[in-house]
Amino acid sequence: MAGEPQADCLFCKIVSGEVPATVVRETDTTVAFRDINPQAPTHVLVIPKAHYPDAASLAAADPRATADVLREAGSVAAEEKLDETGYRVVFNTGSGAGQTVFHAHAHVLGGRGLNWPPG
Ligand code: 5GP
Ligand code: ZN
């Protein structure tokens, strides 16, 4: 069923606790944890607890959880003191755009200069 945990999904395993992660925030619908291979001084992933393969399918199926992910991204940025310097929220979508984990996730990146447009 849509949104149900997938046995072969790394981020579902982080939600269940089967795979450990450095969790910085958690709500009923989301988990935020540090990326294992950070690309900036702050690099946190915010995921819905429900499994959807990408941000667009999450948004189509569960607008409330989508809003929760975006709100939590802002809360992470504020906790990491990025809200004054600026930060970037990225949803890589599709392998051609660098998506490697097919469970929707927002990257929250900051703490260094961020070029625009990104590569
Ligand atoms: P994507 O490339 O799909 O947009 O982002 C997936 C992210 O998950 C990558 O930035 C990668 O470093 C991160 N990642 C992959 N495996 C793990 C893991 O086991 N733990 C954590 N915390 N992050 C991971
Ligand atoms: Zn999943």
Side-chain angles (χ1 to χ4, degrees):
M1 210 175 91
E4 293 298 313
Q6 301 294 303
D8 58 351
C9 174
L10 173 64
F11 287 177
C12 285
K13 290 178 181 164
I14 286 179
V15 171
S16 72
E18 187 181 340
V19 169
T22 304
V23 172
V24 297
R25 290 183 62 82
E26 183 169 5
T27 70
D28 285 353
T29 55
T30 66
V31 185
F33 54 94
R34 296 200 187 278
D35 196 291
I36 205 167
N37 182 24
Q39 301 302 312
T42 292
H43 187 174
V44 170
L45 302 174
V46 184
I47 68 172
K49 288 184 173 176
H51 177 94
Y52 293 95
D54 56 35
S57 54
L58 169 67
D62 195 338
R64 187 172 82 89
T66 309
D68 292 345
V69 167
L70 290 177
R71 188 199 60 246
E72 285 298 301
S75 297
V76 167
E79 281 185 2
E80 302 274 322
K81 311 277 186 235
L82 301 178
D83 46 344
E84 289 176 10
T85 56
Y87 60 95
R88 190 165 290 155
V89 180
V90 175
F91 293 92
N92 293 327
T93 302
S95 54
Q99 188 177 2
T100 58
V101 178
F102 289 84
H103 178 128
H105 54 280
H107 296 258
V108 180
L109 295 151
R112 63 164 169 80
L114 295 167
N115 294 331
W116 187 260

- Task: Find the distance between CD1 (I36) and OG1 (T22) and round it off to the nearest 0.5 Å.
- Result: 8.5 Å
- Task: Could you tell me whether the side chain of Q99 and the main chain of P53 form a donor-acceptor pair under 3.5 Å?
- Result: yes
- Rounding to 0.5 Å, atoms SG (C9) and NE2 (H103) come to a distance of 5.5 Å
- Message: Looking at every non-hydrogen atom in both residues, tell me the closest pair between P41 and G111 and how far apart they are.
- Response: CG-O, 3.3 Å
- At their closest point, which heavy atom of P38 faces which heavy atom of H43, and how far apart are they? CA-ND1, 3.5 Å
- Message: So that I know where these two stand, are H107 and H105 an aromatic pair - ring centroids less than 6.0 Å apart?
- Response: yes
- Taken to the nearest 0.5 Å, the spacing of T30 OG1 from R71 CZ works out to 6.5 Å
- Note: G110 and A40 closest approach over all heavy atoms is O-CB, 3.6 Å
- Verify the cluster assignment for V90 and L45: are they in a single hydrophobic cluster under the rule of side-chain heavy atoms below 4.5 Å apart? no
- Query: Which atom pair, heavy atoms only, marks the closest approach of G94 to F102?
  - Reply: CA-CE2, 4.4 Å
- So, the side chain of T27 versus the backbone of R25: is there a donor-acceptor pair under 3.5 Å, distance only? no
- Task: Have a look at E72 and tell me which of V44, V108, V46 forms a side chain to side chain contact (heavy atoms under 4.5 Å, CB included) with it.
- Result: V46
- Atom CZ in R112, atom OH in Y87: separation rounded to 0.5 Å? 16.0 Å
- Query: Is the side chain of E84 donor-acceptor paired with the backbone N or O of L82 at a distance under 3.5 Å, no angle test?
  - Reply: no
- Item | Least distance between heavy atoms, A55 atom then F91 atom | CB-CD2, 3.4 Å
- Does L58 belong to the same Ile/Leu/Val/Met/Phe/Trp/Tyr cluster as V101, with side-chain heavy atoms less than 4.5 Å apart forming each link? no
- Message: Hydrophobic clustering (ILVMFWY, side-chain heavy atoms < 4.5 Å, transitive) - are V31 and V89 grouped together?
- Response: no
Donor-acceptor pairs under 3.5 angstrom involving side-chain atoms of residues 10-19: please list them, not counting sequence neighbours.
residue, atom, partner, partner atom, Å
S16, OG, K13, O, 3.1
S16, OG, E18, N, 3.3

- Distance from D35 atom CG to L109 atom CG, nearest 0.5 Å? 8.0 Å
- Between T29 and D68, does any side-chain donor sit less than 3.5 Å from a side-chain acceptor? yes
- Quick one: closest heavy-atom pair of R88 and L114, and the distance? NH2-O, 3.5 Å
